[in-house]
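Computed from a predicted model, the values in this text were never measured in an experiment. Computation of the quantities below employed the complete heavy-atom set of this structure, encompassing side-chain atoms and omitting hydrogens, waters and symmetry-equivalent molecules.
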Amino acid sequence: MAYLGEDIKKLGFGLMRLPQKDEQIDIGQTKQMVDEFLKAGFTYFDTAWAYAGSEDAIRQALVERYPRETFQLATKNAAWINCKTREEAIAQFDTSLRQTGAGYFDFYLLHNLGESRTHFFDDFDLWSFVQEKKAEGLIRHVGFSFHSTPEELEEILTAHPEMEFVQLQINYADWESYSIASRRCYEVARAHGKPVIIMEPVKGGMLANPPESVQKILKDAEPESSVASWAVRFAADLPGIITVLSGMSSLEQMQDNLSYMKDFTGLTDMQRETLKAAQEELARIPLIPCTTCNYCAKVCPMNIGISGSFYAMNYYTLYRDLGAAQWQESWLVGGHEKKGAAECIKCGKCEQVCPQHIHIREELEKVAVLKP
């Protein structure tokens with residue numbers, strides 16, 4: 001049975017991390033990347049109103065240089081960013097049309113639903129707005145990107161069966177994680193019959209440089225293949241996928257992705273076993289066993305972002321990228337209006353309710369390594 005996007009090749013050009021030159025997007029290199037991408041037979045481009053300079057860059061590099069029918073362009077509406085009224089939220093659509101010069105969008109997404117962000121799309125009734133634009137021919141397909149729990153995804157898809165697809169964070173590292181819950185979110189989308197666009201298959205670049213023990217497993221299996229290629233192929237092997245987005249930042253990254261995705265037809269059983277071994281090796285690395293149930297948050301008198309701090313600390317343990325871990329801590333704690341680990345008064349109430357029996361006070365002290 002055919003599904004939306006079945007005819008789209010399984011690599012999409014994510015335009016969030018375009019190459020930079022003198023602190024500006026390098027339009028010249030972006031044009032080269034666009035040319036290579038289209039020449040190899042790939043056609044899906046993903047930008048967003050919230051990606052600074054990206055919509056304007058893709059107008060110059062793609063829209064003004066190629067016939068409109070030769071590519072698919074996706075962009076997104078982030079109603080939760082500085083929007084006080086419905087008019088401000090829907091104005092993002094007109095801005096995107098102007099900045100891209102695309103005339104219409106093949107895929108239009110309500111951007112980053114989940115947690116405290118979802119209500120903006122409800123309050124401003126953007127669900128009906130995107131249907132109106134679809135009826136006008138300015139949108140071909142409507143869907144949303146999502147960062148939250150499988151339970152919340154179930155609620156949204158039940159409330160809005162008119163959504164045609166879902167964009168999810170899926171990679172082999174997060175497949176069984178409690179916080180990202182890649183597998184469970186994917187299964188919810190598929191249970192509702194929605195095809196999936198995959199974002200963050202390389203986890204923001206982290207799976208291009210995973211722990212050495214994981215790299216060894218992948219390199220022993222295929223010495224000639226890049227470590228990052230395993231992450232993209234894992235995602236592209238899943239059924240019901242429209243495409244897998246890769247946020248490519250250089251011509252070299254583009255060429256590597258094209259080399260193994262141009263003729264990709266799926267993983268072999270041996271390759272799946274290799275990835276399973278990599279997942280098992282990741283699982284062996286000692287991490288704080290937090291499941292983000294947030295029982296601790298309900299009893300913490302200081303409103304400390306405990307689970308967010310632990311996620312960031314685990315991130316640092318796995319990838320040893322201090323800057324990325326600090327960003328995670330900033331977003332998951334401060335960005336959610338929680339206090340930092342240093343504010344802990346060591347009352348111990350959190351430990352009394354933790355189902356995982358984590359020594360929370362002790363672990364919060366270790367989070368200090370993430371502070372500049």
Donor on one side chain, acceptor on other, Ser54 and Thr47, under 3.5 Å = yes
Can Arg68 be said to sit on top of Tyr66's aromatic six-ring, NZ or CZ under 6.0 Å from centre and within 45° of the ring axis?
-> no
In terms of heavy-atom contacts, Ile198 and Ile170 come closest through CG2-O, 3.5 Å
For this output row, return yes or no: ring centroids of Phe93 and Phe129 closer than 6.0 angstrom.
-> yes
Does Glu212 come within less than 4.0 Å of Arg320, counting only side-chain N to carboxylate O?
-> no
Consider only side-chain heavy atoms of I, L, V, M, F, W and Y, link residues closer than 4.5 Å, and tell whether Val202 and Tyr315 are in one cluster.
-> yes
Sidechain N-carboxylate O distance under 4.0 Å for Arg233, Glu222 = yes
Polar contact flag, side-chain donor to acceptor under 3.5 angstrom, Gln253-Asn257 = no
Does one side chain, of Gln72 or Thr43, offer a donor that lies under 3.5 Å from an acceptor on the other?
-> yes
Can you establish whether the number of heavy atoms outside Asp220 located under 6.0 Å from its atom CG is more than 12?
-> yes
Side chain of Glu351, backbone of Gly348: donor and acceptor closer than 3.5 Å?
-> no
What distance do Asp123 atom CG and Thr85 atom OG1 have between them, rounded to the nearest 0.5 Å?
-> 12.0 Å
Donor-acceptor pair, Gln92 side chain versus Ala78 backbone, under 3.5 Å?
-> yes
Closest approach of Pro161 and Lys194, non-hydrogen atoms and distance?
-> O-NZ, 2.7 Å
Looking only at heavy atoms, which two atoms of Phe120 and Cys83 are closest? And how far apart?
-> CE2-O, 4.2 Å
Nearest atoms (heavy-atom pairs only) where Ala74 meets Leu109 = CB-CD1, 4.1 Å
dist Leu322:CG -> Trp327:CH2 (nearest 0.5 Å) comes out at 15.0 Å
Work out which heavy atom in Leu153 is nearest to a heavy atom in Ala189; give both atom names and the distance.
-> CD2-N, 4.3 Å
Arg284 and Glu281 ion-paired at < 4.0 Å | yes
Are Met261 and Met254 joined in one hydrophobic group, where the rule is that I, L, V, M, F, W and Y side chains link up if heavy atoms are under 4.5 Å apart?
-> yes
Do Asn77 and Phe121 have side-chain heavy atoms sitting under 4.5 Å apart?
-> yes
Ignoring hydrogens and geometry, is there a side-chain-to-backbone donor-acceptor pair from Asn294 to Ala297 under 3.5 Å?
-> no
Near Glu337 CD, under 6.0 Å, is it more than 12 heavy atoms from other residues, nucleotides or ligands?
-> no
For Arg140, does its backbone N or O pair with a side-chain atom of Asp106 as donor and acceptor, under 3.5 Å?
-> no
Rounded to the nearest 0.5 Å, the CD atom of Glu252 sits from the CG atom of Asp256 at a distance of 10.0 Å
Is the number of heavy atoms from other residues, nucleotides or ligands under 6.0 Å of Phe264 CZ greater than 12?
-> yes
Any sub-3.5 Å donor-acceptor pair from Gln29's side-chain atoms to Leu251's backbone N or O?
-> yes
For the residue pair Thr158 and Glu154, confirm or rule out a side-chain donor-acceptor distance under 3.5 Å.
-> yes
With distance as the sole test, does Gln326 use its side chain to make a donor-acceptor pair with the main-chain N or O of Leu370 at under 3.5 Å?
-> yes
If you measure from CG on Leu258 to CZ on Phe13, what distance do you get to the nearest 0.5 Å?
-> 9.5 Å
Is Lys10 salt-bridged to Asp237, cutoff N-O under 4.0 Å?
-> no
Are the side chain of Trp49 and the backbone of Glu55 linked by a donor-acceptor contact shorter than 3.5 Å?
-> no
Is there a chain of hydrophobic side chains (I, L, V, M, F, W, Y, each step under 4.5 Å between heavy atoms) that links Tyr311 to Ile358?
-> no
Run the salt-bridge test on Glu329 and Lys371 with the 4.0 Å N-O cut-off and return the result as yes or no.
-> yes
With a 4.5 Å heavy-atom cut-off, do Asp56 and Arg59 have their side chains touching?
-> yes
Determine, stepwise, if the pair Glu200 / Asp174 fulfils side chain to side chain contact (heavy atoms under 4.5 Å, CB included).
-> CA-CA 10 Å; Glu200 302 293 355; Asp174 292 328; over 6 Å; no
Could you tell me whether a side-chain N or O of His336 sits under 3.5 Å from a main-chain N or O of Trp331, the two making a donor and an acceptor?
-> yes
Grouping ILVMFWY residues whenever side-chain heavy atoms fall under 4.5 Å, the cluster of Tyr295 otherwise contains Val299, Val353
Heavy atoms, side chains only, cut-off 4.5 Å: are Asn112 and Phe146 in contact?
-> no
Say whether Met313 and Ile180 are linked into one hydrophobic cluster, either directly or through other cluster members, by side-chain heavy-atom distances under 4.5 angstrom.
-> no
Taking NZ, NE, NH1 and NH2 as the nitrogens, is one of them in Glu363 or Lys366 under 4.0 Å from a carboxylate oxygen of the other?
-> yes
Nearest 0.5 Å please: distance from the OG atom of Ser229 over to the CG atom of Leu207.
-> 11.5 Å
Give a yes or no on whether a salt bridge exists between Glu136 and Lys133, defined as a side-chain N under 4.0 angstrom from a carboxylate O.
-> yes
Looking at side-chain heavy atoms only, is the closest gap between Trp80 and Ser116 below 4.5 Å?
-> no
With distance as the sole test, does Lys349 use its side chain to make a donor-acceptor pair with the main-chain N or O of Pro301 at under 3.5 Å?
-> no
Nearest atoms (heavy-atom pairs only) where Leu18 meets Ala57 | CD1-CB, 4.0 Å
In this structure, are over 12 heavy atoms from other groups packed under 6.0 Å from Glu69 atom CD?
-> yes
In terms of side-chain heavy atoms, does Tyr51 have a donor or acceptor partner in Lys76 at a distance below 3.5 Å?
-> yes
Is there a donor-acceptor contact under 3.5 Å from the side chain of Ser250 to the main chain of Pro19?
-> no
Are Leu168 and Leu4 joined in one hydrophobic group, where the rule is that I, L, V, M, F, W and Y side chains link up if heavy atoms are under 4.5 Å apart?
-> no
State whether the number of non-hydrogen atoms from other residues, nucleotides or ligands found under 6.0 Å of Lys216 atom NZ is greater than 12.
-> no
Carboxylate-amine/guanidinium proximity below 4.0 Å for Arg184 and Glu152 = no
Between CG on residue Leu282 and OH on residue Tyr172, distance to nearest 0.5 Å | 6.0 Å
Candidates Val142, Leu126, Thr118 - the one meeting side-chain contact (heavy atoms from CB on, under 4.5 Å) with Leu110 | Leu126
Lys/Arg N to Asp/Glu carboxylate O, Arg361 vs Glu365, below 4.0 Å | no
His359 atom NE2, over 12 foreign heavy atoms within 6.0 Å = no
